[in-house]
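Worksheet for the structure shown next.
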Amino acid sequence: MPAVMTKDDAVADRALKALMELDGESTPLSAAHDHDSSKPPLPSLDERVDMFLRAVHGSESSFTAGQKARARDRILNTMAADVAGDLSDFEISQAAGGADATAKTIGAKTIFAQGNGQKKRGFGSLFYGMLLLLMAPLSAGRPMGMRLVAASLITMFVAGTGWSGAWYLAARSAETAVASWIDGEAKAGRSYECGSRNLRGFPTHVELSCIDPKATVALGPSTVVVNAKALRATASILQPDVLTTEITGPLSISEPGKPGQYLGNWTLAKSVVHNVSSNPTQISFAVDDLQLYRASQINMEPVLASGRLRFDARVHPTGPGESRTFDIAAQIGEGSIANGGPILSQPFAANVSAELRNAGGTASESLTARLRQWQANGGLVDIKAARIQQGDAVATASGNLGLNKLGLVDGALLTAVTGTYRQLAQTYTGGRQPGQTDRERLANSLPEGSSVQSRSIGNIQKSERELRNEAGRQGQAPSVDQSNAPGGHANLPAGLSPPSLPKDGSFELPISIVNGAIYFGTTLVAVIPPLF
Amino acid sequence: MTLDHLPVPGTTRLRILNSLPRQHQAHFFAEVRKLCAIYIASLRIPTADREAEILELFSEVMAKLLGVTGSGAGPKAAESAQEDGSPVMSGHHEPGRDDRVAWLLAEVRGWPALAHRREDIRRQRYGGKWQGEGYRQVQLDEDHVDNLSVDADEPHHDRDMRRVWRGILVMAKTEFAPTEDISILLELMAKDPEIAEAFGAEWPIRQIADALDKSHPNAPWSDDRVDNAKKRLRNWISRLKRAHGLDSTDLMGLFARYAGSYDKG
């Protein structure tokens, strides 16, 4: 775009004024000035504006200055776009060649551009540019051109037929694949249904849409039913092994025959799976504005929420004979867990990158079976970096997690905490019972801290005593009586040690998970039930 | 579509519409509004939203009908020269029996325009693409209109003037080769502050010739050569005004908007 002078623009006005007044006319032109009186005249801009206003508002109306100005602005914008579109078409027809003015007009005046005035550089212009190329020798009357046209048309016909056939085959293959998959899933205890199903997407992709999808999944001794509003799975003809799925909420999770116990909704829920036909090499999903509630007879209680949730897992390149490893990246923005205590019920941002090693199993297996297999293979989650932040409170961690033969989580994380988290971490140290009041006070100091009480109603965090007793009943951690030994640490599980002394600006807090029991330093804070 | 059945230029439709008596125009507008209502109804849009959708579609159709140009650039220049005027039709005192109204309505129905106009609306509303690049329309609000003036102290005046110049230069590029005298003259007027300052009641022909001599020493510039370029410029500006039915102010507005459309493209 040519640069024009930017300084002394009042001076530039003079040159512009002189240019505009070159023909000496200062009043709108109308029929008297039309150089060809044999044709009806084009209306002036004022006349166009008047027609537009009468059309939209009626002949009987009187129009305000604002209405006139808006109409004028709109007409001028449309005229400018019409000029721009016309020039664009002219460029296309020039590029297509051909000296015939008629052919140029055909190239310029496509039915897509007719009366449109927009720049058309997309599929429509391309198609008509091709048509122009084909028609130009025809209009020139050359015999050779006839053969070229015929050959081109035959080629287009064959290509179109071939493409249609390929799409049809792909669509039928997709239907067969879906039916086979549903059968396989049924054997693994998962069944899927649709209220109605459609297959479409010609010519560029195959799209399977499912209205009122329903999944019935066996989770151990219980069964859950998941309902959503719609599901759409798409694969491109050119990339058939990449499957994109979108789920439209709301979603409900319940036991068979009962009303929804959990209800969820979002603005976007989308997943992409690469190499879907065999072992996936990449799995990604994205969820925006997630809200999950637990529904009771009285009300709906928030469970968790997230402004932005992203997950990506890709097969890590490994050598032959090596088991599959996935590189995992996950991110949560504006997340909150209403049942997560006074801290996690506040909005937080978190991200994690990790390696999932020795991933295996087949798609037809149940989740429980796959977890058993993974544990038997020595599966491990190597957390490279994890981070959570709430205001000035930041915690970073690295470590690894796995499962033992009982299906209980074992692992260790080394965590560095700053800001409010540091003060919070110190409440778990010092050889005394953890202070619930301290934690609530600190939670209130986080951004939006004043909502602690409303979020944690009915979910008062259990004391360590209660946790130990509960864990003790499950055989996971020592009971509280034993932990009251002098020094407070005598009965810690092996490997645990008191936290290190604070360093400049940060506090190192080792987190240990032993048989599912989570320790912050030496303090038991939570218990994870067995996963199988 | 065959060679014998060329699309009718938009300017022909507008000429015929302009030639109709007001009563006939009102009848035409009402019929087009009905077409829009039928189209919107076919989309199964909720009843509560239909009226607004119909009005929006109708105003978009009318804007497109009234916003066609007989530009000085591109094939429309050739088309305007070849245009044989309106089809031969007979008028009638009753709007419903006027051939011109029937022809116009057939033209509207003949377009795939209603669907395209709706896509235009969607694109303008959400900023999406319609088979390529699009543009945004900026609606003036009441405050803007009340404060609108041509006072040189207006805050956006300088920016608007620059956009006008950009529109002129871009449109001229499509009409004239860069080596033509008229293109060279316009570039000088747009970019040389000394030349711009010299403009007054008369064009500074001598100064322009001297400046062009310095910048283009290979082909000497005389006063006559500058004057000839000025005459071509005058013919071009006159043709643009006549073709679009615009005065100087509106033509500047068209140039500025064209620059905006070009930038977004």
Side-chain angles (χ1 to χ4, degrees), chain A residues 1-2 4-5 8-16 18 20-23 26-29 33 38-45 48 51-52 55-56 59 65-66 69-70 73-84 86-87 90 101 104-105 108-109 111 114-115 119-124, chain B residues 7 10-11 14-16 18-19 26 29 59 62-64 66-71 73-76 78-79 85-86 131-133 135 137 139-140 142 145 152 158 161-162 165 169 174 189-191 193 196-197 199 233-234 237-238 241-242 245-248 250 252-254 257-258 261-262 265:
Chain A
M1 192 61 174
V4 295
M5 57 185 157
D8 223 3
D9 285 320
V11 169
D13 290 356
R14 274 190 250 158
L16 195 56
M20 290 295 120
E21 288 177 354
L22 266 178
D23 68 345
S26 58
T27 54
L29 296 169
H33 299 275
S38 66
K39 293 185 285 187
L42 277 176
S44 64
L45 181 61
R48 298 182 198 215
M51 267 194 276
F52 180 83
V56 174
S59 303
R70 281 192 294 274
D73 193 59
R74 184 161 187 180
I75 299 289
L76 272 174
N77 278 336
T78 309
M79 290 172 74
D82 190 48
V83 173
D86 174 53
L87 293 174
F90 180 62
K104 274 187 188 175
T105 308
K109 296 292 284 181
I111 59 172
Q114 183 176 341
K119 286 198 275 187
K120 296 287 187 280
R121 298 185 190 277
F123 187 75
Chain B
T11 49
L14 184 56
R15 289 178 193 276
I16 292 175
N18 191 42
S19 71
F29 297 148
S59 60
M62 294 312 303
K64 281 294 188 283
L66 295 167
V68 294
T69 59
S71 168
K76 285 191 175 173
E79 170 193 304
S86 59
Q131 294 186 342
E133 293 74 27
Y135 60 95
Q137 290 186 347
Q139 298 296 325
L140 300 177
E142 289 291 346
V145 170
D158 294 348
M161 290 299 109
R162 286 195 292 276
W165 270 114
L169 292 175
T174 61
M189 288 171 67
K191 294 178 184 175
E197 194 173 346
F199 272 86
L233 206 49
R234 178 182 61 202
I237 295 294
S238 300
K241 285 184 180 176
R242 213 170 30 243
L246 302 172
D247 61 10
S248 298
D250 291 329
M252 285 200 290
L254 184 69
R257 284 163 176 81
Y258 177 68
S261 296
Y262 190 90

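Just so we're on the same page: letters track the sequence lines, and every chain starts at 1.
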Checklist entry - Would you say A/Leu42 and B/Asn18 make side-chain contact, with heavy atoms under 4.5 Å? => result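 No, too far: nothing below the 4.5 Å cut-off.
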Item to check | Heavy-atom side-chain contact between B/Leu66 and A/Thr78 under 4.5 Å | outcome: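 No, side chains not in contact.
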Next on the checklist: I need the A/Ile75 CD1 to B/Leu246 CG distance, nearest 0.5 Å.
Outcome noted: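 Output value for this atom pair is 11.0 Å.
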Next on the checklist: Holding to side-chain contact (heavy atoms from CB on, under 4.5 Å), I want the full list of residues that pass it with A/Ala18, two or more places apart in sequence or in another chain.
Outcome noted: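 Scan of A/Ala18 (side-chain contact (heavy atoms from CB on, under 4.5 Å), adjacent residues dropped) gives B/Phe199, B/Trp203.
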Which heavy atom in [X] sits nearest to a heavy atom in [Y], and how many Å separate them?
| X | Y | value |
| --- | --- | --- |
| B/Leu14 | A/Pro43 | CG-CD, 3.6 Å |
| A/Leu76 | B/Leu254 | O-CD1, 3.8 Å |
| B/Met189 | A/Ala15 | CE-O, 3.8 Å |

Expected output: side-chain [X] to main-chain [Y] donor-acceptor under 3.5 Å:
| X | Y | result |
| --- | --- | --- |
| A/Arg14 | B/Glu197 | yes |
| A/Arg48 | B/Val68 | yes |
| B/Lys241 | A/Met20 | yes |

Item to check | With sequence neighbours excluded, residues passing side-chain hydrogen bond (donor to acceptor under 3.5 Å, both in side chains) with B/Ser19 | outcome: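 Testing B/Ser19 for side-chain hydrogen bond (donor to acceptor under 3.5 Å, both in side chains), a comparison that skips the adjacent residues, returns none.
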